[in-house]
Enquirer: 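The structure that follows is given in the form of C-alpha cells.
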Amino acid sequence: MSELRVRFAPSPTGHLHIGGARTALFNYLLARKEQGTFVLRIEDTDVARSTQESVDAILDAMKWLGFTCDEGPVYQSERFELYREKIDQLVSEGKAYRCYCRQDELDQKREAAQAKGLKPKYDGTCRDRSDHPENTPYVIRFRSPLSGETSFNDRVKGVITFSNDELDDLIIQRTDGTPTYNFVVVVDDATMNITLVLRGDDHINNTPRQIVMYKALGYPVPDFAHVPMILGSDKTRLSKRHGATSVMAYRDMGYLPEALVNYLVRLGWSHGDDEIFSMEELIEKFSLDNIGRSASVFNPDKLLWLNAHYIKTGHSQRLADLLKEYMQAAGIETSKGPNLVAVVKTLQERARTMVEMAEAARFYFADTVEVDPSAAEKFLTADKKPVLGAVIRHLHLLKQADEVSIGKTFDTIMEETGLKLGKIGPSVRVALTGSTSSPGIYEVISVLGIEESCRRLQRIQESL
RNA sequence: GCGCUCAUCGUCUAGCCUGGUCUAGGACACCGCCCUUUCACGGCGGCGACGGGGGUUCGAAUCCCCCUGGGCGUACCA
C-alpha cells in the first residue's frame, strides 16, 4: 500500500453518467496503479434531491464497470454530527458567522450587482454583525479572506492562481441546519485522509474556496488534479440532449463494460498510438502525466467500434451467457434451438452490440422463419424448387454436420446440377434465415443441424 | 459582465516540457480497391489538421505576447 488515497464522490441525484464514470475510472486506475486506496463517498447532503434509487443505480454501474472500491461507500448523510462539530468550531473561532439575510434579498442584490457589472458576490451585510435576533432563520457563512491570493499546483493543469477577492463568503450551513457541498467536501477529504483530489475541471473554481477552508480548519491541503470535461457533439457539456449519458443505458444498448472503459479512458488520456487496453494494461500504464488539458467530444462511433472489437475478440461462452439475457429482453425464447455458443461464434464478427447480435440470432430460434418479402421475390422463385430439392436430398445423406462436410456436399450438388454456388447459395440462405445477409450458409446449416435445416428448406420448397 | 481555463485532421489523439529527425504520426468515421456464397471480418490505398497576427531564433506545431474562438464557474446543487 502506498500513501495515495483517492476518492470518487458522486451525488445521488441521478444515474451514473459518462463523465462521472470516467472520473471514477481515473481514480480507480490511479489507486490500483500506485497501490493506493480508492474510497467511494456518496455526497448526499442535499436531502431534498438525493434518492436511494440513485445510490443503487450508481453502485450498480460501478459494479458493472468493475470499479471496486477499497473503502466505502461512505454516506455524508451519516456524518452530519461531524460537520456540525466543525461548523461550531469555525463559528467559535470567528472564522464563520451567522447570516440573517433572506434569500429574496440576496437574489435582488445579486441581480443588481450583476446589472451594474459588479461581481455577484455576497455583500457582507452580516459579516461583522454581533447581534443575534430571536426567532429569525439564519445560515452560517464562511469568513473568506478579502485580500491576497490562493494558488495551487494542479497535477494536470499546472499552477492556478485566484485572487482572494474573487472568493465569496460561502454558505456552509443552510437554514435547515444541513451543511453544504464546499464545506463537507473539505471536512471529508481531510478526515478521510485523501491525498489527491482527482475530479472534473468544473470544480476548479471551487478549489480555492475549499483551500481557504482547509487552512481555516487547520487541515493539510491535498493535491488536486482536474480532468477536462466531456462535451457533446455541439461542444457543450454532455447532457441528455446528446443522447444516452447513463452508463447503464449503454449496457442496455448492448455495450460491453470493457468497451466503455476502453473508450472512456481514451477521452483525455493516451499512451502513444495505442488504442486497445485491457483493464490490466490500463492499471499498468495509466498515469496523470498523460492526461490532456483540453475538453473532448464524446464520439459514439468510436465507442461502437471498440464494442465491436471486444465482441469480436471476446470469449464465446461468456458472450453466450450475455446473449441469452439480451435475447430474453428481445422476447426471443432460447431454451429450445441451437447451442448458444455455436450461435455466438457465427455472429461475433457481424454484431457491433449485443442487441444487434440478439437480433441477428433471432432466425436461429424461430419456429418458422420470417422471410423478407423482397428477398423471397428474388431468390425463392418457383424455378428454385428442384435445386432446393437436391440440397435437401444431399443434406439428408450427410452423417456429420460440420462445415467441411457440408461444403463437400455443396460441391457435389454443384457438380450434379451444373450450377455455381452463386445460383444455389442465396436461395438456401433466404430459406434458412429469411434474409439475404447472414453468417455463411455452411455455418448456419452446421449450427442449425441437418434435421432443422432440412425442415426449413422443405417447408419453403413445398410452398414454391 | 467578471473569474478560471483550453486551442494539432469532422472526432479522439501522438508530437510540444528537452525548438531542426514533422513534406505533422495513429485511431474512429467517410471514399476506393482486394478478399469473398450474402452480410460482415480482414488487407491495401485515399481524403483530411498545427485558429489568426506579431515576436524570439539560422530554424517554431513546439518558446513569448496579443487577438479570436470554445469550455467551466459565478446557488441555502454537487
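Naming convention: chains lettered A, B, ... in sequence-line order (proteins, then strands); numbering from 1 in each chain.
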Enquirer: Whole Å only: how far is the CG atom of D273(A) from the C1' atom of G26(B)?
Expert: 4 Å
Enquirer: Checking base pairs now: Watson-Crick or wobble, both atom distances under 3.5 Å. What partners G10(B)?
Expert: C28(B)
Enquirer: So, do Y263(A) and F298(A) have ring centers that fall under 6.0 Å from each other?
Expert: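 Aromatic pair counts; centres sit under 6.0 Å.
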Enquirer: What I want to find out is whether R84(A) reaches E81(A) closely enough, with some N-O distance under 4.0 Å, to be called a salt bridge.
Expert: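 Looking at R84(A) and E81(A), the cut-off is not met.
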Enquirer: Any N or O donor-acceptor pair under 3.5 Å from the base of G26(B) to the side chain of E275(A)?
Expert: yes
Enquirer: Can you tell me the distance, in whole Å, between the CD atom of E349(A) and the P atom of G43(B)?
Expert: 11 Å
Enquirer: What is the glycosidic conformation of C28(B): syn, defined as within 90° of 0, or anti?
Expert: anti
Enquirer: So what does P228(A) hit on the nucleic acid, given a heavy-atom distance under 4.0 Å: a base, only sugar-phosphate, or nothing?
Expert: nothing
Enquirer: Just to be sure I understand the rule, does I160(A) reach a base, reach only the sugar-phosphate, or reach nothing, if contact means heavy atoms closer than 4.0 Å?
Expert: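 Contact class for I160(A): sugar-phosphate only.
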Enquirer: Within the 4.0 Å limit for protein heavy atoms, which parts of nucleotides 65-78 of chain B are touched? Write it as a string from 5' to 3', B for base, S for sugar-phosphate only, - for none.
Expert: ------SBSSSBBB
Enquirer: Rounded to the nearest angstrom, tell me the gap between atom CD1 in I211(A) and atom P in C4(B).
Expert: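 Going from I211(A) (CD1) to C4(B) (P), I get 15 Å.
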Enquirer: Check the side chains of T236(A) and R241(A) for a donor-acceptor pair under 3.5 angstrom, ignoring hydrogens and angles.
Expert: yes
Enquirer: Considering Watson-Crick and G-U wobble pairs with both distances under 3.5 Å, what does U56(B) pair with?
Expert: none
Enquirer: Anything under 30° is parallel, anything over 60° is perpendicular, the rest tilted; go ahead and classify F183(A) against Y83(A).
Expert: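 F183(A) vs Y83(A) ring planes: perpendicular.
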Enquirer: Heavy atoms from C-beta onward define the side chain here; which of A29(B), C12(B), U38(B) lies closest to that of W305(A)?
Expert: A29(B)
Enquirer: Is the backbone of P208(A) close enough, under 3.5 Å, to the side chain of T150(A) for a donor and an acceptor to pair up by distance?
Expert: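 Not a single qualifying donor-acceptor pair exists.
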Enquirer: Report the distance from atom CG of L167(A) to atom C1' of C4(B), rounded to the nearest whole Å.
Expert: 12 Å
Enquirer: Between V297(A) and S163(A), who's closer to the 5' end of RNA chain B by nearest nucleotide?
Expert: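 The answer here is S163(A).
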Enquirer: Nearest whole angstrom, please: distance from the C1' of U37(B) to the CG of L419(A).
Expert: 14 Å
Enquirer: Centroid-to-centroid, H203(A) to Y181(A), below 6.0 Å?
Expert: yes
Enquirer: How many whole angstroms separate atom NZ of K157(A) from atom C1' of C17(B)?
Expert: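 About 17 Å, once rounded to whole Å.
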Enquirer: Given atom CE of M357(A) and atom C1' of A40(B), what is their separation to the nearest angstrom?
Expert: 12 Å
Enquirer: Any salt bridge between R350(A) and E443(A), counting N to O under 4.0 Å?
Expert: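 Salt bridge present between R350(A) and E443(A).
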Enquirer: Whom does G42(B) pair with, Watson-Crick or G-U wobble, provided both distances fall under 3.5 Å?
Expert: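 The base-pairing partner of G42(B), which may sit in any strand shown, is C34(B).
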Enquirer: Could you measure between the two C1' atoms, the one in G19(B) and the one in G15(B), and give it in whole Å?
Expert: 12 Å
Enquirer: Under the side chain to side chain donor-acceptor pair (under 3.5 Å) rule, what do N262(A) and Y310(A) come out as? Steps first, then yes or no, please.
Expert: CA-CA 10 Å; N262(A) 197 149; Y310(A) 283 104; 2.5 Å; yes
Enquirer: If I pick the C1' atom on C64(B) and the same atom on U21(B), what distance separates them, to the nearest angstrom?
Expert: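 Between the two C1' atoms, the distance is 25 Å.
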Enquirer: G292(A) near the nucleic acid: base, sugar-phosphate alone, or nothing, with a heavy-atom cut-off under 4.0 Å?
Expert: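 The answer is nothing, as G292(A) stays clear of every strand by at least 4.0 Å.
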Enquirer: How is K420(A) classified with respect to the nucleic acid when contacts are heavy atoms under 4.0 Å: base, sugar-phosphate, or nothing?
Expert: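 If one applies the 4.0 Å heavy-atom cut-off, K420(A) turns out to touch nothing in the nucleic acid.
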Enquirer: Identify whether any heavy atom of T161(A) sits under 4.0 Å from a base atom; if not, whether one sits that close to sugar-phosphate; answer base, sugar-phosphate or nothing.
Expert: sugar-phosphate
Enquirer: Is there a Watson-Crick or G-U wobble partner for G48(B) with both distances under 3.5 Å, and which nucleotide is it?
Expert: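 Its partner is none (no Watson-Crick or G-U wobble pair with both distances under 3.5 Å).
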Enquirer: Assign G422(A) to base, sugar-phosphate, or nothing according to its heavy-atom contacts below 4.0 angstrom with the strands shown.
Expert: nothing
Enquirer: What is the base-pairing partner of C2(B), counting Watson-Crick and G-U wobble geometry with both distances under 3.5 Å?
Expert: G73(B)
Enquirer: Can a side chain N or O of K312(A) be found less than 4.0 Å away from OP1 or OP2 on G42(B)?
Expert: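 Yes.
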Enquirer: Hey, are E275(A) and K302(A) close enough for a salt bridge, meaning a charged N less than 4.0 Å from a carboxylate O?
Expert: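 K302(A) and E275(A): salt-bridged.
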Enquirer: For a quick check of understanding: with a heavy-atom distance under 4.0 Å over all strands, which category does S294(A) fall into, base, sugar-phosphate or nothing?
Expert: sugar-phosphate
Enquirer: Identify, between I291(A) and R429(A), the residue whose nearest nucleotide on RNA chain B lies closer to the 5' end.
Expert: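 Per heavy-atom nearest nucleotide, the more 5' residue is I291(A).
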Enquirer: If we take the C1' atom in both C17(B) and A78(B), what is their distance in whole Å?
Expert: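 So the two C1' atoms sit 35 Å from each other.
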Enquirer: Of the listed nucleotides (C4(B), C12(B), U11(B)), which one gets closest to any side-chain atom of N299(A)?
Expert: U11(B)
Enquirer: S233(A) side chain N/O closer than 4.0 Å to the phosphate oxygens (OP1, OP2) of U11(B)?
Expert: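 Answer no for this pair, as no side-chain N or O of S233(A) is under 4.0 Å from OP1 or OP2.
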Enquirer: Which part of the nucleic acid does S438(A) contact within heavy-atom distance under 4.0 Å: base, sugar-phosphate only, or nothing?
Expert: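 Here S438(A) touches the bases of the nucleic acid.
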Enquirer: If I pick the P atom on C12(B) and the same atom on G51(B), what distance separates them, to the nearest angstrom?
Expert: 14 Å
Enquirer: Report the residue from K121(A), R127(A), K95(A) that forms a salt bridge (charged side-chain N to carboxylate O under 4.0 Å, His left out) with D169(A).
Expert: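 Only match with D169(A) under salt bridge (charged side-chain N to carboxylate O under 4.0 Å, His left out): R127(A).
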Enquirer: Reckon F410(A) touches a base, only the sugar-phosphate, or nothing at all at heavy-atom distances under 4.0 Å?
Expert: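 Answer is nothing: F410(A) stays at 4.0 Å or more from every strand.
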Enquirer: Looking at the side chain of R293(A), which of G42(B), C12(B), A7(B) is the nearest nucleotide?
Expert: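 Nearest nucleotide to the side chain: A7(B).
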Enquirer: Expressed as a whole number of Å, how far does the P atom of U11(B) sit from that of A7(B)?
Expert: 14 Å
Enquirer: At 4.0 Å (heavy atoms only), tell me whether L267(A) reaches a base, stays on the sugar-phosphate, or touches nothing.
Expert: sugar-phosphate
Enquirer: Could you tell me how far C50(B) sits from C35(B) if I compare only their P atoms? Round to whole Å.
Expert: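 Straight-line distance between the two P atoms is 38 Å.
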Enquirer: Is the shortest distance from a Lys or Arg side-chain nitrogen in R456(A) or E452(A) to a carboxylate oxygen in the other one below 4.0 Å?
Expert: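 Salt bridge between R456(A) and E452(A), a charged N being under 4.0 Å from a carboxylate O: yes.
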Enquirer: Determine the Euclidean distance between corresponding P atoms of A61(B) and G54(B); express it in Å to zero decimal places.
Expert: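 Per the computed distance, 14 Å lies between those P atoms.
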Enquirer: CG of L264(A) versus P of U13(B): gap in Å, rounded?
Expert: 12 Å
Enquirer: If we take the C1' atom in both C47(B) and G32(B), what is their distance in whole Å?
Expert: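 Between the two C1' atoms, the distance is 11 Å.
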